[in-house]
Amino acid sequence: FGLGSDVGGSIRIPAAFCGIFGHKCTGGVVSNDGQYPIAGGSCQKMLTTGPMARHAIDLLPLLRALSPATSALSDRKLDLRRLRVVSIA
């Protein structure tokens with residue numbers, strides 16, 4: 001999976017061209033902390049962070065892992081024991 005930031009299509013459009021799935025979350029669902037460059041002005045209100053994945057079914061578990069514990073997405077426990085991490089160099 002990958003993470004991206006989106007104001008005007010920076011997750012969704014590249015995902016569509018690459019044959020993967022990207023999701024622009026509702027603002028505040030996933031924290032924008034640590035992004036560089038920092039968005040300013042009206043872009044700050046529209047900027048969201050979201051996941052990209054090869055399979056659409058992987059987007060919701062990723063959102064649950066990325067969202068804060070107080071989010072409506074965290075109503076279930078997330079089992080990370082079956083998480084498979086692949087590094088492509």
Side-chain angles (χ1 to χ4, degrees):
F1 74 92
L3 295 176
S5 59
D6 196 321
V7 172
S10 299
I11 292 175
R12 299 159 289 154
I13 294 170
F17 282 119
C18 294
I20 63 172
F21 295 88
H23 180 69
K24 179 180 181 181
C25 306
T26 301
V29 171
V30 177
S31 174
N32 292 326
D33 289 346
Q35 288 192 20
Y36 182 82
I38 300 169
S42 62
C43 287
Q44 193 170 17
K45 291 182 180 180
M46 295 183 288
L47 177 68
T48 63
T49 300
M52 294 178 280
R54 187 171 184 181
H55 304 284
I57 198 166
D58 295 330
L59 294 175
L60 184 56
L62 287 168
L63 281 174
R64 285 195 175 121
L66 295 168
S67 64
T70 57
S71 169
L73 291 171
S74 65
D75 59 344
R76 300 181 192 162
K77 289 192 171 194
L78 184 63
D79 183 10
L80 297 177
R81 291 178 292 184
R82 296 181 59 197
L83 179 68
R84 193 176 70 161
V85 178
V86 178
S87 175
I88 301 172

Quiz item: Who passes side-chain hydrogen bond (donor to acceptor under 3.5 Å, both in side chains) against Thr49, sequence neighbours left out?
Solution: Asn32, Gln35
Quiz item: Looking at CG of Leu66 and CZ of Phe1, how far apart are the two atoms once the value is rounded to the nearest 0.5 Å?
Solution: 6.5 Å
Practice problem: Provide the full list of side-chain hydrogen bond (donor to acceptor under 3.5 Å, both in side chains) pairs with a residue in residues 4-23, sequence neighbours left out, each pair given once. | Solution: Asp6-Arg12
Quiz item: Same hydrophobic cluster for Leu3 and Ile11, using side-chain heavy-atom links shorter than 4.5 Å among ILVMFWY?
Solution: no
Cut-off 3.5 Å, no hydrogens considered: what does the side-chain donor-acceptor table look like for residues 50-60, sequence neighbours left out?
none

Practice problem: List the steps and the verdict of side chain to side chain contact (heavy atoms under 4.5 Å, CB included) for Val30 and Leu63. | Solution: CA-CA 8 Å; Val30 177; Leu63 281 174; 4.0 Å; yes
Self-check item: Taking every non-hydrogen atom, the tightest pair across Pro14 and Gly9
Solution: CD-O, 3.3 Å
